[in-house]
Amino acid sequence: MIMNIGKTLLTVFAMMVVMAKVQAQPAPYEWTSPSSNASQSMPCGGGDVGMNVWVEQGDVLFYLSRSGCFDENNSLLKLGRFRIHLSRPFNTTAFRQRLVLQEGYCEVTDGSQTVLIWADVEKPVVHVEMTDKQGNCQAEVSYESWRTHDRLLGKRGRFQTSYKFAAPKTLVTRRDSILKAADKLIFFHHNSDVTIFDATVKQQKMETVKQQMYNPLAKLTFGGQLTGDGFVFDSHSTGQYASTDYERWAYRSTRKASRQAVMIAMATCQGTMAQWMQQLAQTTKTVNQKRDKKVARQWWRQFWQRSFVEGNVPAVRNYTLFRYMLGCNSRGEWPTKFNGGLFTFDPEYVEKAPEYRITPDYRNWGGGVHTAQNQRLVYWPMLKNGDYDVLKPQLDFYLRIYRNAELRSKVYWNHGGACLTEQVENYGLPCLPEYGTKRPDDFDPGMERNAWLEYEWDTCLEFCMMALEAHRYSGMDISDYVPMIRSCLRFFDEHYQYLARKRSAKTLDGNGKLVLYPGSGCETIKGAYNSTSTIAALRTVTTALIDYLGGDSLLADFYQRLPEITVRDGKIAPAVHYERVQNVETPQLYPVFPWRIYGVGRPDIDVAKRTYQEDSLALKFRTHIGWKQDVIWAACLGMRDEAKGLLEKKLADGPHRFPAFWGPGYDWTPDHNWGGSGMIGMQEMLLQEVGDKLYIFPAWPEEWDVHFRLHAAHGTIVEAEMKGGKVVSVKVTPVERQKDVVNVLQ
């Protein structure tokens, strides 16, 4: 663990439990019939483990995923598929499959026999319990793997790796190792010393500092062990699920009983195989199912007490279902990926084209590569939810990689600061294909040669701001993150003065300001001169860091060098000038969100509203799909009808059986930045904070009854209820902040 914040978080969570007026109890989500295939699966998980659970042709199946399982190509691999076959079939007329949100488990039952699946929240262990009221439960539990041989990746399949479109045609996903014993099965993937990290370092001319660099892939081993009391090996066979062949190892119970149980213990280790085996054995040794189940259920009950939104519209239910999915990676070392999280399934059920008939390991846009502009939307909602522990893996991601990004600045330009690009790998370098494989000899080696990503360096600043906000909200110790935040800011100061010296005798403009050129407004406004989204980010993060430190002369001087946001014809401009439009984002509205310079209760809101309502690009690009933020901006600007219409579309049921499996949108299914942007929009419709003021229901439709509990700065919790268009209760903790409430509906 990089930073010990456990004591602080436990204190905050304990306060939330004590202060809770009514324990939030989200209703179970239920199906009354089996499923047809994996696309009709239900999420289940905890700690850093995710499962897709479904019942097909009488068997209970689930895919098993764990964060951080990156192979040599930086694919995020699944750990396999498990199948539970009971000797007596389920009675389909009484069939129920339930996700019991309040306690975090999945249950399949017909009233007589039940299969219960849950994940430990403190260690990587999955439990499967099978019970039979007639006392004659007998079961067969199978492990199914499609990685029993090296598997050649086709053109589409290569997009699950960090090589993507630049992959060699001989690229394979290497096979796993599977060790069968009479009473257990061990399965694991072991990376060699040489991975895509080495190819990326060579491509990007970083060999001189390679030994100093953080490398998370070399010798990484991940996998697990299946065991069960009274279960013995029965058979080995082959089969095909969807379009993927697999091998199957079946273990059967040796006796009939009222209860049977198996567990899957997992381990991830960067080192020798002996070290991995030792870690796996240690995890198994610490299992106490009765105690661990109690701890897991208590954790989930407290999770729902932190915050909630309750109401009678589908968007509210889907908000809750999606929050559950995010909570399944509360203890992970690695963040939840925007492009499917822990809950991807066979790609042919997402896209029908023949090239998608590939293994369940597939997700579009890679597994280890980090698309920051998408990731941010997964993590911003955790502040108002009070889910600071769930936020931590994302912040730690940057903490691990920023020193590699500092080495980039030193090697290429001989200045300081962390150059964190968009499409950054989990080792801090640009993604190999996005860096560019066809580069002129004289092209700046520090630059991505990519029309969408060139000069896009500011996305890291949103994660810097999340850390600062986590402290402001909860008092979380962020001292370990401060050097990273400073380094991200330092890069812009030193690099743009470096570029100015390359073309002029002066490093600042005539007003003593930095010239942020060439720059970028997201992936859209290219060749930008003083990009609005970059300026808003730098000004906001610098101010927040100065406030956190209680003053800092170097940062204050840097702030004075920052240019102003450009407002032209009464609207926010995306930049002073720019060369072209490359994508479909609207960076001129980033001063509204995430940077909160304009909005309800803030100066010049009409300027931002005109931008939202009249800017030609803002209108052209408007939609609810995927990572689009229009619902957030409408909510932040208090535009009630607009926000309602966009939220209804954004958080409507997705195309699959589980309503919060959105996508693929621009990315993949389940689209987590689709859900995250919808979650942020709903939060902003319910509660906004400006200075000391707490604005309740600033953009919530009066015809929607709702009850919410959300977080604000300085340990504040706001709980309010609206019925029949009237605010019927407001409770603020601590009570002295009750006076700060502004009821927008009055």
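The closest side-chain heavy-atom distance from Ser192 to Glu72 is below 4.5 Å. Trp118 has its side chain out of reach of Val126: every pair of non-hydrogen atoms, C-beta onward, lies at least 4.5 Å apart. Using a 4.5 Å heavy-atom cutoff, the side chains of Tyr163 and Arg158 are not in contact. Within the 4.5 Å cutoff, the side chain of Val108 has no heavy atoms near those of the Thr114 side chain. With contacts defined as side-chain heavy-atom distances shorter than 4.5 Å, the pair Met42/Trp54 does not qualify. Inter-residue side-chain proximity for Phe345 and Val350 is flagged as met; some heavy-atom pair is nearer than 4.5 Å. Side-chain contact check for His672 versus Tyr379: every heavy-atom pair is 4.5 Å or farther apart. Proximity of His370 to Ile401: side-chain heavy atoms (C-beta onward) are nowhere separated by under 4.5 Å.
Taking the ring centroids of Tyr143 and Phe82, they lie under the 6.0 Å cut-off. Between Phe233 and Trp249, the distance separating the two ring centers is not shorter than 6.0 angstrom. Aromatic ring centroids of Tyr324 and Trp300 lie under 6.0 Å apart. The six-membered or imidazole ring of Tyr362 lies near that of Trp668, with a centre-to-centre distance under 6.0 Å. Not less than 6.0 angstrom separates the ring centroid of Tyr214 from the ring centroid of Tyr427.
Side-chain atoms of Ser35 and Glu56 form no donor-acceptor pair, as typed in the model, at a separation below 3.5 Å. Side-chain contact, Glu422 with Thr459: a donor N or O sits under 3.5 Å from an acceptor N or O. Side-chain contact of Asn91 with Asp110: a donor-acceptor pair under 3.5 Å is absent, judged by distance alone. Side chain to side chain, Thr371 and Gln423 meet the donor-acceptor criterion of an N or O pair below 3.5 Å. In this structure, a donor-acceptor pair under 3.5 Å is absent between the side chains of Asn364 and Asn339. Remark: the Arg147 side chain and the Ser177 side chain contain no N/O donor-acceptor pair separated by less than 3.5 Å. A donor-acceptor contact closer than 3.5 angstrom links the side chains of Asn329 and Thr336. Side-chain atoms of Asp671 and Thr669 include no donor-acceptor pair closer than 3.5 Å. Between Thr173 and Arg151, the side chains place no donor N or O within less than 3.5 Å of an acceptor N or O (distance only, hydrogens not considered). Of the N and O atoms on the side chains of Arg66 and Thr268, at least one donor lies less than 3.5 Å from an acceptor on the other residue. Judged purely by distance below 3.5 Å, without hydrogens or angles, the side chains of Asp653 and Trp662 never pair a donor atom with an acceptor atom.
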Query - Pair Phe197-Leu432, side-chain contact (heavy atoms from CB on, under 4.5 Å): steps then yes or no - result: CA-CA 9 Å; Phe197 169 85; Leu432 184 149; over 6 Å; no
Requested in this report: Show your reasoning for whether salt bridge (charged side-chain N to carboxylate O under 4.0 Å, His left out) applies to Arg259 and Asp229.
Outcome: CA-CA 11 Å; Arg259 181 183 182 276; Asp229 185 23; over 6 Å; no
Query - CA sep, side-chain torsions, deciding dist, call: Glu355, Lys155, salt bridge (charged side-chain N to carboxylate O under 4.0 Å, His left out) - result: CA-CA 8 Å; Glu355 60 262 33; Lys155 185 176 181 180; over 6 Å; no
Query - CA sep, side-chain torsions, deciding dist, call: Arg96, Glu30, salt bridge (charged side-chain N to carboxylate O under 4.0 Å, His left out) - result: CA-CA 7 Å; Arg96 295 288 185 275; Glu30 184 174 285; 3.1 Å; yes
Report task. Let me see the working for Lys164 and Glu434 under salt bridge (charged side-chain N to carboxylate O under 4.0 Å, His left out), right down to the final yes or no. Result -> CA-CA 9 Å; Lys164 292 190 281 191; Glu434 314 294 357; 2.7 Å; yes
Report task. In sequence, state the C-alpha distance, the side-chain angles, and the governing distance for Ser330 and Lys392, and then conclude on side-chain hydrogen bond (donor to acceptor under 3.5 Å, both in side chains). Result -> CA-CA 8 Å; Ser330 63; Lys392 186 176 183 296; over 6 Å; no
Report task. Let me see the working for Gln240 and Thr244 under side-chain contact (heavy atoms from CB on, under 4.5 Å), right down to the final yes or no. Result -> CA-CA 5 Å; Gln240 180 169 309; Thr244 303; 5.8 Å; no
Requested in this report: Apply side-chain hydrogen bond (donor to acceptor under 3.5 Å, both in side chains) to Ser41 and Asn52, showing your working.
Outcome: CA-CA 5 Å; Ser41 56; Asn52 296 70; 3.2 Å; yes
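By the neighbour-count criterion of 12 heavy atoms within 6.0 Å, atom NZ of Lys219 is sparsely surrounded, having that number or fewer from other residues, nucleotides or ligands. Heavy atoms from other residues, nucleotides or ligands lying under 6.0 Å from CZ of Arg439 number more than 12. Surrounding CH2 of Trp452 are at most 12 heavy atoms belonging to other residues, nucleotides or ligands under 6.0 Å away.
Here Asp71 contributes atom CG and Leu77 contributes atom CG; the two are 4.5 Å apart, rounded to the nearest 0.5 Å. Expressed to the nearest 0.5 Å, how far CZ of Phe70 lies from OG of Ser162 amounts to 9.0 Å. Considering CG of Asp234 and CZ of Arg252, their distance stands at 5.0 Å, rounded to 0.5 Å. From Cys44, atom SG reaches atom CD of Gln97 across 9.5 Å, with rounding to the nearest 0.5 Å. In this structure, the separation between NZ on Lys256 and CZ on Arg88 is 10.0 Å, given to the nearest 0.5 Å. Atom CE in Met266 sits 7.5 Å away from atom CG in Asp48 (nearest 0.5 Å).
For the pair Arg400 and Trp334, the cation sits on the ring face: its NZ or CZ lies under 6.0 Å from the ring centre, inside 45° of the axis.
Of all heavy-atom pairs spanning Ser67 and Gly332, the tightest one is OG-CA, 3.8 Å.
Evaluation of the side-chain contact (heavy atoms from CB on, under 4.5 Å) rule for Ala181 yields Asp183, Lys184 as partners, not counting sequence neighbours.
Judged purely by atom type and a 3.5 angstrom limit, Asp132 has no side-chain atom pairing as donor or acceptor with the backbone of Gln113. A side-chain donor-acceptor contact under 3.5 Å links Gln270 to the backbone of Asn215. The backbone N or O of Thr148 lies less than 3.5 Å from no partner atom in the side chain of Asp176, so there is not a single donor-acceptor pair.
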